[in-house]
Amino acid sequence: MKYFTNISIISILTTTSLLTAEDRATNTVILDETGVKNLRIETEPVQKRIFETTVFTIGHLKEIPSSRSVLSTRIAGRVIKLNAYVGDVVAKDQVLVLIESRQPGNPPPTIKLKAPRAGIVIDSHISLGQPVEPDAELMDIADRSKLWALAHIPEPEVPNIASGSQARIRVPALGNTIINSKMDRFATEANHKTSTLDGIFVIPNPEGKLLPGMRAEFSILTDRRKNVMSVPNSAIQGNKSRPIVFVKDFELTNAFVRAPVVLGQKNDQFTEVVSGLFPGDEVVSNGAYGLSFADGGSGISLKEALDAAHGHEHNEDGSEITPDQRANEASGNSGIKQIRGQKNQGFLLCIIAAGFILLAIAQHRWNRSRKA
């Protein structure tokens, strides 16, 4: 029984239901279906969740040093065939080069040089017909199925992070794709110019879309708190001194109300809301920025929307018409009718008086003309 009581209370206690009529009228934006589709409005319910405190930092991708291999020969000769070039993906033991040795023979014996590992040809130092020596590096092959992601962690944040710390990594070249990883270890040296220490993360790269040197953004987890009311970062609008969110109206279709909020901590996904919202609210999570500049182009006022929803008239600010207001309106209408009746009677008397005056003037002129 207690459960249903709590649900009922939550369904009643919403941000929009507690606004005064004046605030609701001033801060409500009403859209039509076209406006909702154009702004791509999406909402999600406010809820308490596990809130993660994170450290944001940037870094870059790097090839794992142990993944690099070199193709070489033990016999001097010349290149008579090339089966791979820079950028080609090769398999382990695939024949990449044929070398014609300098040993006597007709034809001279040839040597097959095979790939020491699977990977991509990073560099090639040979051309067809080129003489080669045993001490020369012919090709560089790297296995980039995994890469290092180096996070440049500011030194003051280093005590909060340890090996095994989880992180969400975003590479701008991949769009909004999130890569989850754990820190493997710290680098052996700090950068004295930037006062940072690199944290090393190993990330998968099965499709080869990630390349060394690409920029990476890290949100490294340092703490977790339970039952924290938070909303997506995209829902927060306004400025830092007066942040707002748009809350879906609890009874009107396609109506959204600006609600001021007090914020707490922020991570890469969510922002803590200290006050200003209730768990029953639905906030605009997508399209809130465009909604900030919308003027309610549907042409429907809050009064008209409430009149249609409730089936009776409201005040201009959307509030209910009280019995006293109805009584005053009724008495005001009767008084107006009485005043209008008095005005009509006065107008009629003026017309009659004017008629008598004109008649007297005509009689006077007729008498003068007769005497003459």
Side-chain angles (χ1 to χ4, degrees), residues 44 47-69 89 92 117-120 122 140-236 263-273 285:
E44 70 173 64
Q47 57 180 310
K48 293 183 178 181
R49 53 170 58 90
I50 296 176
F51 187 83
E52 299 175 342
T53 304
T54 59
V55 172
F56 177 81
T57 185
I58 60 172
H60 68 279
L61 305 184
K62 183 180 179 180
E63 189 176 274
I64 300 175
S66 60
S67 69
R68 180 69 69 100
S69 301
V89 177
K92 187 177 185 301
R117 71 188 311 162
I120 183 172
I122 303 302
D140 293 334
I141 301 171
D143 177 9
R144 291 183 175 176
S145 59
K146 294 181 181 179
L147 292 176
W148 274 358
L150 303 182
H152 308 323
I153 303 171
E155 291 181 0
E157 298 290 350
V158 170
N160 301 321
I161 301 171
S163 297
S165 295
Q166 295 182 349
R168 288 185 289 270
I169 305 172
R170 190 178 78 88
V171 180
L174 294 184
N176 293 322
T177 302
I178 301 297
I179 303 172
N180 294 302
S181 182
K182 292 183 179 181
M183 195 178 83
D184 185 65
R185 62 183 184 275
F186 282 110
T188 56
E189 291 184 6
N191 188 327
H192 69 279
K193 293 182 179 179
T194 60
S195 297
T196 59
L197 179 62
D198 286 349
I200 301 175
F201 296 81
V202 180
I203 59 175
N205 186 31
E207 298 179 0
K209 294 182 178 179
L210 300 175
L211 300 175
M214 283 184 173
R215 174 188 169 96
E217 299 173 353
F218 300 79
S219 294
I220 305 173
L221 176 63
T222 59
D223 189 24
R224 280 191 175 95
R225 289 184 292 142
K226 296 182 179 180
N227 298 324
V228 176
M229 189 179 297
S230 57
V231 297
N233 293 335
S234 57
I236 306 298
L263 304 179
Q265 293 184 349
K266 176 182 178 180
N267 61 29
D268 58 310
Q269 296 178 328
F270 299 98
T271 300
E272 178 185 6
V273 177
S285 56

Minimum-distance pair of heavy atoms, taken over all atoms of G199 and F186: CA-CD2, 4.2 Å
Taking every heavy atom of L197 against every heavy atom of A187, the minimum-distance pair comes out as CD1-O, 3.8 Å
I need the full list of salt bridge (Lys or Arg N to Asp or Glu O under 4.0 Å) pairs touching residues 205-214, with sequence neighbours left out, sorted by first then second residue. E207-K209
Listing request: all salt bridge (Lys or Arg N to Asp or Glu O under 4.0 Å) pairs with a residue in residues 143-154, at least two apart in sequence or in separate chains. E63-R144
Tell me, which pairs form a ring pair (Phe, Tyr, Trp, His ring centres under 6.0 Å) where one or both residues lie in residues 146-169, sequence neighbours left out? H60-H152
Does any part of the side chain of [Y], heavy atoms only, come nearer than 4.5 Å to the side chain of [X], both counted from C-beta?
| X | Y | result |
| --- | --- | --- |
| L210 | I179 | yes |
| I236 | V231 | yes |
| I200 | L150 | yes |

Please list every donor-acceptor pair under 3.5 Å in which a side-chain atom of residues 155-162 meets a protein atom from a residue at least two apart or in another chain.
residue, atom, partner, partner atom, Å
E157, OE1, N160, ND2, 3.1

According to salt bridge (Lys or Arg N to Asp or Glu O under 4.0 Å), who are the partners of [X], at least two apart in sequence or on a separate chain?
| X | value |
| --- | --- |
| E189 | none |
| D140 | R68 |
| R225 | E272 |
| E52 | R168, R224 |

Measure the spacing between [atom1] of [X] and [atom2] of [Y] and express it to the nearest 0.5 Å.
| X | Y | atom1 | atom2 | value |
| --- | --- | --- | --- | --- |
| L147 | L61 | CG | CG | 6.0 Å |
| F270 | M229 | CZ | CE | 14.0 Å |
| I178 | D268 | CD1 | CG | 6.5 Å |
| N191 | T196 | CG | OG1 | 4.5 Å |

Strictly distance-based, threshold 3.5 Å: is any side-chain N or O of S181 a donor or acceptor partner for the main-chain N or O of V202? yes
Without placing hydrogens or testing angles, list every side-chain donor-acceptor pair under 3.5 Å for residues 215-223, not counting sequence neighbours.
residue, atom, partner, partner atom, Å
E217, OE1, R170, NE, 3.3
E217, OE1, R170, NH2, 3.0
T222, OG1, T53, O, 3.1

For T188, enumerate each residue passing the side-chain contact (heavy atoms from CB on, under 4.5 Å) test, keeping only those at least two apart in sequence or located in another chain. none
Side chain to side chain donor-acceptor pair (under 3.5 Å) against S69, all qualifying residues, sequence neighbours excluded: R117
Who pairs with S285 by side chain to side chain donor-acceptor pair (under 3.5 Å), at least two apart in sequence or on another chain? none
